[in-house]
Amino acid sequence: MLTRKQHDLLRFIHERLKETGVPPSFDEMKEALDLRSKSGIHRLITALEERGFIRRLPNRARALEVVRLPESVAPGLANARSAQRGFSPEVIEGSLGRVRPVAEDEDPNAFQPVTVPVMGRIAAGTPISAIQTRSHTLTLPAEMLGTGEHFALEVRGDSMIEAGILDGDTVLIRRCDTAETGDIVVALVDDEEATLKRLRKKGASIALEAANPAYETRIFGPDRVRIQGRLVGLVRRY
């Protein structure tokens, strides 16, 4: 269920995208909903994103995409799309790979895939060049990621093998600028070198710890390390 304000904002974004192809600004959304500040819009957008109705597009200012609409906004939309394709929605069941139809009480939109940009390579070893621009995208099940903005990186190196991260894997990263001790993070060192390591906070210092005894832990002052994101998943091809 959406609140009235969430419903109104989703409808406004959807209609503006249909009319112009460009999402409205935060000021326009604030005026349309008669709110006093943009902080209220931030909260509504976060709620809509967490419920899977909209998605923020990475690396683009104010870019929003409407992922799905409730029946009250677009009655029969999901059924109409399925009829055009000529089949009913399906999901994979269990590890046996059997396919089952979506049950009547399930929301077929909940199983819509998510597109994640692959932003180049990350070193699990000696740091390499900082994160590059988008090279291609991955399409993944939404339940692999959870809420928030995500990107993916191709792993090069073997320093995280004891954490189950191998050379050639693709790691899924939730974009954030803070992390807790023990988290595996993408760390940018001196604004030049990016690496994938386990974060350890030691007093005022930050340690980037490998998961391979062949590599030593590197310790930096807090002003030399910026967190770019936290590991939330991994994709491996055999």
Side-chain angles (χ1 to χ4, degrees), residues 1-91 102 104-120 131-152 172-177 228-229 232:
M1 289 286 294
L2 296 179
T3 67
R4 178 63 182 273
K5 288 292 187 182
Q6 291 167 0
H7 182 280
D8 290 346
L9 180 60
L10 179 62
R11 188 185 199 91
F12 179 64
I13 295 171
H14 173 63
E15 291 177 352
R16 179 60 65 87
L17 284 169
K18 280 202 310 181
E19 292 172 3
T20 68
V22 178
S25 69
F26 276 62
D27 284 325
E28 290 170 333
M29 288 186 268
K30 178 172 70 73
E31 292 177 6
L33 271 68
D34 195 25
L35 296 179
R36 293 183 178 181
S37 70
K38 288 187 283 188
S39 62
I41 295 297
H42 280 285
R43 288 194 294 270
L44 291 172
I45 286 178
T46 298
L48 289 172
E49 185 177 32
E50 290 175 347
R51 288 162 175 76
F53 287 97
I54 65 173
R55 179 165 57 229
R56 291 184 242 214
L57 304 179
N59 305 315
R60 292 170 57 188
R62 93 177 199 193
L64 297 172
E65 177 183 43
V66 175
V67 177
R68 64 189 179 98
L69 296 170
E71 285 292 318
S72 57
V73 175
L77 181 64
N79 292 336
R81 286 176 176 171
S82 298
Q84 289 172 3
R85 297 192 196 104
F87 65 92
S88 59
E90 295 175 331
V91 295
V102 175
E104 290 184 3
D105 60 348
E106 290 179 331
D107 179 3
N109 291 308
F111 299 97
Q112 287 186 346
V114 176
T115 300
V116 177
V118 180
M119 304 298 292
I131 300 171
Q132 304 164 22
T133 56
R134 176 178 357 196
S135 59
H136 59 285
T137 60
L138 292 176
T139 301
L140 302 167
E143 57 267 26
M144 285 188 67
L145 300 174
T147 60
E149 182 182 341
H150 297 79
F151 60 94
L172 307 176
I173 306 296
R174 183 182 186 275
R175 193 182 297 276
C176 61
D177 56 13
Q228 304 288 283
V232 296

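Everything quoted here is computed from the prediction, not taken from an experiment.
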List the atom pairs, with distances to 0.1 Å, where a side-chain N or O of residues 31-39 and a protein N or O form a donor-acceptor pair under 3.5 Å, not counting sequence neighbours.
unit_1	atom_1	unit_2	atom_2	d
Ser37	OG	Ser39	OG	2.8

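Atoms CG and OG1, on Leu48 and Thr3 in that order, are 7.5 Å from each other to the nearest 0.5 Å. To the nearest 0.5 angstrom, Arg68 atom CZ is 11.5 Å from Ile54 atom CD1. Taken from NE2 in His14 to CD in Glu19, the straight-line distance is 10.0 Å, to the nearest 0.5 Å. Atom OG1 of Thr46 sits about 11.0 Å away from atom CD1 of Ile41, to the nearest 0.5 Å. Rounded to the nearest 0.5 angstrom, Met119 CE and Arg175 CZ are separated by 6.5 Å. Interatomic distance, Arg16 CZ to Met29 CE, rounded to the nearest 0.5 Å: 9.5 Å.
Across all non-hydrogen atoms, the minimal contact from Ala47 to Gln6 is CB-NE2, 3.4 Å. Of all non-hydrogen atoms in Leu69 and Phe53, the two that sit nearest each other are C-CE2, 4.1 Å. Summarising the geometry of Thr137 relative to Pro117, their closest heavy-atom pair is CG2-CA, 4.1 Å, with the distance given to 0.1 Å. The shortest heavy-atom contact between Lys5 and Leu44 is CB-CD2, 3.9 Å. Heavy-atom minimum distance, Ile13 versus Leu64: CD1-CD1, 3.9 Å. Pairing each heavy atom of Pro23 with each of Leu17, the nearest pair is N-CD2, 3.5 Å.
Checked against salt bridge (charged side-chain N to carboxylate O under 4.0 Å, His left out), Arg55 has the following partners two or more places apart in sequence or in another chain: Glu65. With sequence neighbours left out, Glu15 forms a side-chain hydrogen bond (donor to acceptor under 3.5 Å, both in side chains) with Arg11.
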Q. Checking side-chain contact (heavy atoms from CB on, under 4.5 Å) for the pair Leu140/His150: CA distance, chi angles, key distance, verdict?
A. CA-CA 11 Å; Leu140 302 167; His150 297 79; over 6 Å; no
